[in-house]
> 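Input: one structure, supplied below.
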There are 2 protein chains.
Amino acid sequence: MTPAHNSTRHDRDGVARAALALLDEVGLADLSMRRIAARLDVQPSALYWHFASKQALLAELADRITAGIPRGDASVLDTARGIRDALFAYRDGAELVLSTYALRLGSSSAQTAVHDALVADGADSPHERAAAIMHFVLGHATLVQQRMHADSYGAVMADDEVGAEHDVTAGLDRVFDLGVTALTGVVSGATAPRRDRA
Amino acid sequence: MTPAHNSTRHDRDGVARAALALLDEVGLADLSMRRIAARLDVQPSALYWHFASKQALLAELADRITAGIPRGDASVLDTARGIRDALFAYRDGAELVLSTYALRLGSSSAQTAVHDALVADGADSPHERAAAIMHFVLGHATLVQQRMHADSYGAVMADDEVGAEHDVTAGLDRVFDLGVTALTGVVSGATAPRRDRA
DNA sequence: ACCTGAACACCGTTCAAGT
DNA sequence: ACCTGAACACCGTTCAAGT
């Protein structure tokens, strides 16, 4: 209906923004270079002026998704929740980051945020714990996000399955909190003075 | 050289075995129905007599990978290591299982094995902890396996990066043990009597 | 600086038809 | 019971050429 989209001539940022919006609509499996190009009213080959490869484009999308995590002095649990919610903010966001961040996770701002929160809590082995928490959050978020997508896609349950495991997603929230808390590993209420509302 | 492979006429098991062997050689990204068919000296369409879709074939491969986990009365840590090693036994095994098991993880023999080991250790909330441990193991194994692949693929480091983080993979083993131990959450050495070598 | 057009070497899947 | 042959609707990527 609307003639709207057809200025043909984009920059790197515009391509990334269109790709991110399309990801949210169609999911990672259906996010093709040709679909992104069509969305921009451009030939597929045009995308290769802005990005060297599809992998490079996906890496940029992963960076944009994780750029939305809150910084500053939050608890370890709140920091982890912030990361999880950033991954949830886009369809298949967790899977995309998981499959893209193998080499850069350690130097990611997400992991350093967790690390800093651990140090503030006086946790031992903050480096290892930060890595473990990131592995857990990424695994958890990927599984939950896949299940969300599969559930919304139908997958009709038998009558005796409905409600059998009494609300699945609420249980998954408990799993997340329990996991992060256990991995934080602060034993007593001692060691570091928490700077609440300084 | 060898004429060997050309009996043309296979069953479901033979197709799955060939696909699993090919996965180990080329990785998940290059595991196509057409490549599997070529390996079996068969047209791609022939595979659809044995499996309804590529997704169904991948699900079967995931089942075969996780079928290799040891059962019986091991500690939680040893059970988790067994699962991790089963995922490591095939190239991209962790990623394949992670992307396939969203809906069946809870009923998988892997998670029930962890659950049983937790109960034997007298851990509280064994259901939630078993889920958390599986999420952690799958996230961890996927990340580590990707890094292994990327590292072997070149990725030349600058001189000042070499050895900078003093052996990465050894550190990842420590992250795994710390993570599983923390998630097991047994506080004292009390509660359940460990049945060591009964 | 940014895009087109055409090509190359691939994909998963369906379906009538063969044996 | 298991496979072929042909087709359909797609992929990512390269590269000369245009503006």
Side-chain angles (χ1 to χ4, degrees), chain A residues 3-23 25-62 91-92 95-96 99-100 146 149-150 153-154, chain B residues 3-23 25-62 91-92 95-96 99-100 146 149-150 153-154:
Chain A
H5 49 78
N6 61 339
S7 13
T8 77
R9 192 132 285 203
H10 309 273
D11 54 9
R12 196 182 153 91
D13 180 67
V15 172
R17 293 168 73 92
L20 203 49
L22 193 55
L23 169 69
E25 291 173 26
V26 303
L28 191 54
D30 289 332
L31 185 71
S32 67
M33 296 297 268
R34 296 178 113 102
R35 288 250 242 169
I36 298 166
R39 168 68 69 107
L40 292 165
D41 277 321
V42 133
Q43 296 297 315
S45 52
L47 301 180
Y48 290 85
W49 198 91
H50 302 286
F51 292 94
S53 65
K54 185 184 185 182
Q55 189 52 46
L57 211 192
L58 294 180
E60 172 67 26
L61 299 190
R91 165 117 89 119
D92 294 331
E95 187 183 349
L96 174 57
S99 62
T100 295
Q146 273 172 197
H149 180 243
Y153 220 166
Chain B
H5 49 77
N6 59 342
S7 14
T8 76
R9 191 133 284 201
H10 308 273
D11 55 8
R12 198 182 151 91
D13 180 67
V15 172
R17 292 168 74 92
L20 202 49
L22 192 55
L23 169 69
E25 291 173 27
V26 304
L28 190 55
D30 289 333
L31 185 71
S32 67
M33 296 297 268
R34 296 177 113 101
R35 288 250 244 169
I36 297 166
R39 168 68 69 106
L40 292 165
D41 277 322
V42 134
Q43 296 298 317
S45 51
L47 300 179
Y48 289 85
W49 197 92
H50 301 286
F51 292 93
S53 65
K54 185 183 185 182
Q55 189 53 45
L57 212 192
L58 293 181
E60 172 67 25
L61 299 190
R91 165 115 90 121
D92 294 332
E95 186 184 349
L96 173 57
S99 62
T100 295
Q146 273 171 198
H149 181 242
Y153 220 165

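In what follows, chains are A, B, ... by sequence order, proteins preceding strands, each numbered from 1. Computed from a prediction, not measured in an experiment: that's the story for all the values here.
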> Would you mind reading off the distance between A/Y48 atom OH and C/dA7 atom P, rounded to a whole angstrom?
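These atoms are roughly 19 Å apart.
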> Check every strand shown and say whether A/R12 touches a base, only sugar-phosphate, or nothing at a heavy-atom separation below 4.0 Å.
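Nothing: the residue A/R12, judged by heavy atoms under 4.0 Å, touches no strand.
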> Would you kindly compare B/R35 and A/Q43 by the position of their nearest DNA chain C nucleotide and give the one closer to the 5′ end?
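Taking each residue's closest nucleotide, the earlier one in sequence belongs to A/Q43.
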> Pick the nucleotide of DNA chain D nearest each of A/A52 and A/S32; which residue has the one closer to the 5' end?
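Nearest-nucleotide comparison on DNA chain D picks A/S32.
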> Give a yes or no on whether the backbone of A/L28 and the side-chain of A/R91 come within a donor-acceptor separation of less than 3.5 Å.
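Pair absent, no side-chain N/O of A/R91 close to backbone of A/L28.
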> Sub-3.5 Å donor-acceptor pair from the side chain of B/D11 to the main-chain atoms of B/G14, do we have one?
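Yes; at least one donor-acceptor contact below 3.5 Å.
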> Under 4.0 Å: is that the gap between some side-chain N or O of A/S45 and OP1 or OP2 of C/dT4?
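Answer no for this pair, as no side-chain N or O of A/S45 is under 4.0 Å from OP1 or OP2.
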> Output, in order, the C-alpha distance, side-chain angles, deciding distance and verdict of side-chain contact (heavy atoms from CB on, under 4.5 Å) for A/L58 and A/L31.
CA-CA 10 Å; A/L58 294 180; A/L31 185 71; 4.0 Å; yes
> Any chance you could lay out the side-chain contact (heavy atoms from CB on, under 4.5 Å) test for A/H50 and A/L57, step after step, and finish with the verdict?
CA-CA 9 Å; A/H50 302 286; A/L57 211 192; over 6 Å; no
> Round to the nearest Å and state the distance from A/L40 atom CG to C/dT4 atom P.
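About 10 Å, once rounded to whole Å.
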> Expressed in angstrom and rounded to an integer, what is the separation of A/L47 atom CG from D/dC11 atom C1'?
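My rounded result for the distance is 13 Å.
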> Let me know the distance between NE2 of B/H50 and P of C/dT13, rounded to the nearest Å.
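It is 15 Å, rounded to the nearest whole Å.
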> Hey, is the side chain of A/R9 pairing donor to acceptor with the base of C/dC3 inside 3.5 Å?
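Not at all, since no donor on one side and acceptor on the other fall under 3.5 Å apart.
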> Using atom C1' of each nucleotide, how far apart are D/dC10 and C/dA9 to the nearest Å?
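Result for the C1' pair: 13 Å, nearest Å.
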> Assign each of B/R34 and B/V15 to its nearest nucleotide of DNA chain D by heavy atoms, then name whichever residue's nucleotide is nearer the 5' end.
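This one resolves to B/V15.
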> Specify the separation, in whole Å, of atom NZ of A/K54 and atom P of D/dG12.
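Taking atom P of D/dG12 as the reference, NZ of A/K54 is at 4 Å.
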> Nearest-Å distance, CH2 (A/W49) to C1' (D/dT13)?
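The distance from CH2 of A/W49 to C1' of D/dT13 comes to 18 Å, rounded to the nearest Å.
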> By the 4.0 Å heavy-atom rule, please label B/S53 as base, sugar-phosphate, or nothing.
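Answer is sugar-phosphate: B/S53 comes under 4.0 Å of backbone atoms only.
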> If I pick the C1' atom on C/dA16 and the same atom on D/dC3, what distance separates them, to the nearest angstrom?
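Pairwise C1' distance, D/dC3 against C/dA16, rounds to 13 Å.
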> Would you mind reading off the distance between B/H10 atom NE2 and D/dC3 atom C1', rounded to a whole angstrom?
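Result: 10 Å.
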> Can you give me the closest heavy-atom contact between A/K54 and A/S32, atom names plus distance?
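A/K54 and A/S32 have their closest heavy atoms at NZ-CA, 4.3 Å.
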> For B/D92 and B/G27, which heavy atoms make the closest approach, and how far apart are they?
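Result for this residue pair: OD2-CA, 3.4 Å.
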> Separation of B/L31 atom CG from C/dG12 atom C1', in whole Å?
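The distance from CG of B/L31 to C1' of C/dG12 comes to 13 Å, rounded to the nearest Å.
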> Is B/R17 salt-bridged to B/E60, going by a charged N under 4.0 Å from an acidic O?
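No.
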> For DNA chain C, list all stems, counting runs of three or more consecutive pairs where every pair is Watson-Crick or G-U wobble with both distances under 3.5 Å.
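DNA chain C forms these stems: C:4-8 with D:12-16, C:12-16 with D:4-8.
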